[in-house]
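Taking it in order: structure first as structure tokens, then the write-up.
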There are 2 protein chains.
Amino acid sequence: MRIGELAKATGINVETLRYYERMGLLQSPARQVNGYRVYSQDAVERANFIRHCRALGVGLRDIMTLLNLASRPEADCNDVNHLLDEHIAQVRAKLESLRILEKQLVRLRNQCDIAHKVSDCGILREFVAAAHGEACTCHSSSDSAS
Amino acid sequence: MRIGELAKATGINVETLRYYERMGLLQSPARQVNGYRVYSQDAVERANFIRHCRALGVGLRDIMTLLNLASRPEADCNDVNHLLDEHIAQVRAKLESLRILEKQLVRLRNQCDIAHKVSDCGILREFVAAAHGEACTCHSSSDSAS
DNA sequence: GCTAGACCCTGTAGCTACTTCAGGGTCAAG
DNA sequence: CTTGACCCTGAAGTAGCTACAGGGTCTAGC
């Protein structure tokens, strides 16, 4: 199977597949005489594994770790647990900051419900006021989101 | 005020301030004879405005739009509303996918609560099974998060 | 006068996870 | 023999910074 077919079979972009190969996530496949990559069924599974992990927001480095662990059946499963726990913690932290962010944005949005001039816009006034406030107090307590 | 002082006053990194200048968010300030940047109080406010927006996850391009709008008091405030609405929608979409993600991760994590060998690890088995499943059905319904 | 250290400058590369582009080669069908 | 689909490599672009290299400037202390 060539790279285009692998792409179709896995739903992963051709370029992304080559990128994964460069990054060491996919082994360099055999080549035809013309230089085309030839993949086996193993590659499909490996690529799908990667895709599944990516859909869960797992980073490439961590996927690499998982792939290495998966290939050593005698390895200690604690590493997998640990990796997942960390990932869950990250996701929860992000969720929390996004929830706060949403509240702030909605509150901001409510400053200006009817269309009028920017000069009267509660939203921009809020922005500016917040900027002023920070400039005056000079010691912010909140941190950035994202 | 020099760039270091502006950095302290706003809590924005010196490098980031120069970056914002390169990106056109901050106007190129006056220079001393030795080439050092000199900032006015205006710059502090503008920089704080940017910082505030960034903390809300607003992208640099959108901040640019807001700054331009804010400088034209007669402009229509609807643009601000629209920008904010879009941003809120984005944040909500991200929240939703993160919530799903968290559930999936927690479910996955529960597959393997006691430390043992990778060969018996429910988590990795789940990953592999999911990859297999996707390979077989060949038409995924879920999309990626993040 | 001279040196250390803090600050400033520009320009460039690094980060993540890709995507896109330039500039080619290969192959099957018409 | 040409068209179009596919493949190749290597480099650059994306966002929003951060960090580094390799300098210049200024002030304080000896």
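The figures here come from the full heavy-atom set of this structure, side chains too, leaving out hydrogens, waters and symmetry mates. A, B, ... follow the sequence lines: proteins, then strands. Residue 1 opens every chain. Keep in mind it's a predicted model, so treat the numbers as computed, not measured.
- When the side-chain nitrogen and oxygen atoms of A:Y20 are compared with OP1 and OP2 of C:dA17, none of them lie within a distance under 4.0 Å.
- Remark: C1' of D:dC17 and CG of B:L25 are 12 Å apart, rounded to the nearest angstrom.
- The residues B:E102 and B:R99 are annotated as not salt-bridged, no charged nitrogen and carboxylate oxygen being separated by less than 4.0 angstrom.
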A:F49/A:L66 under side-chain contact (heavy atoms from CB on, under 4.5 Å): CA gap, chis, key distance, verdict: CA-CA 10 Å; A:F49 181 95; A:L66 286 175; 4.1 Å; yes
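- Between the CZ atom of A:R51 and the C1' atom of C:dA17 there is a distance of 16 Å, given to the nearest Å.
- What separates CD1 of B:I3 from P of D:dT18 is a distance of 13 Å, to the nearest Å.
- Listed nucleotides: D:dG16, C:dC18, D:dC7. Nearest to the side chain of A:V14: D:dC7.
- As a whole-Å value, the separation of A:L17 CG from D:dT9 C1' is 16 Å.
- Per the geometry, CD belonging to A:E15 stands 15 Å off C1' belonging to D:dT14, to the nearest Å.
- DNA chain C lies under 4.0 Å from at least one heavy atom of each of the following residues of residues 26-37 of chain A: A:N34, A:Y36.
- Atom CD in A:E21 sits about 15 Å away from atom P in C:dC18, given to the nearest Å.
- No side-chain heavy atom of B:M64 sits less than 4.5 Å from a side-chain heavy atom of B:M23.
- Helix bend of the helix from C:dG1-D:dC30 to C:dG30-D:dC1: the angle between its two end axes, each built from five pairs, comes to 40° after rounding to 10°.
- Per the geometry, OH belonging to A:Y19 stands 19 Å off P belonging to C:dC21, to the nearest Å.
- Linking Ile, Leu, Val, Met, Phe, Trp and Tyr residues whenever their side-chain heavy atoms come within less than 4.5 Å leaves A:V91 and B:I100 in two separate clusters.
- Nearest-nucleotide positions on DNA chain C place B:R2 closer to the 5' end than the other of B:R22 and B:R2.
- A single hydrophobic cluster is seen to contain both B:I3 and B:M1, as judged by linkage of ILVMFWY side chains at heavy-atom distances under 4.5 Å, directly or through other members.
- Both B:L60 and B:L69 sit in one connected hydrophobic cluster of ILVMFWY residues. Membership requires side-chain heavy atoms under 4.5 Å apart, directly or through other members.
- Of the candidate nucleotides C:dA17, D:dA15, C:dC7, D:dA15 has the atom nearest to the side chain of B:R61.
- Across every non-hydrogen atom of B:V38 and B:P29, the tightest pair is O-CB, 3.3 Å.
- Sparse packing is recorded around CZ of A:R61, with 12 or fewer heavy atoms of other residues, nucleotides or ligands lying under 6.0 Å away.
- Across the protein-nucleic acid pair, A:N13 atom CG and D:dC7 atom C1' stand 14 Å apart, rounded to whole Å.
- Using a 4.0 Å heavy-atom distance criterion, B:R18 is classed as a base contact.
- The phosphate of D:dT18 has OP1 or OP2 within less than 4.0 Å of a side-chain N or O from B:T16.
- Minimum interatomic distance between A:R109 and B:D85 (heavy atoms only, all atoms of both residues): NE-OD1, 2.6 Å.
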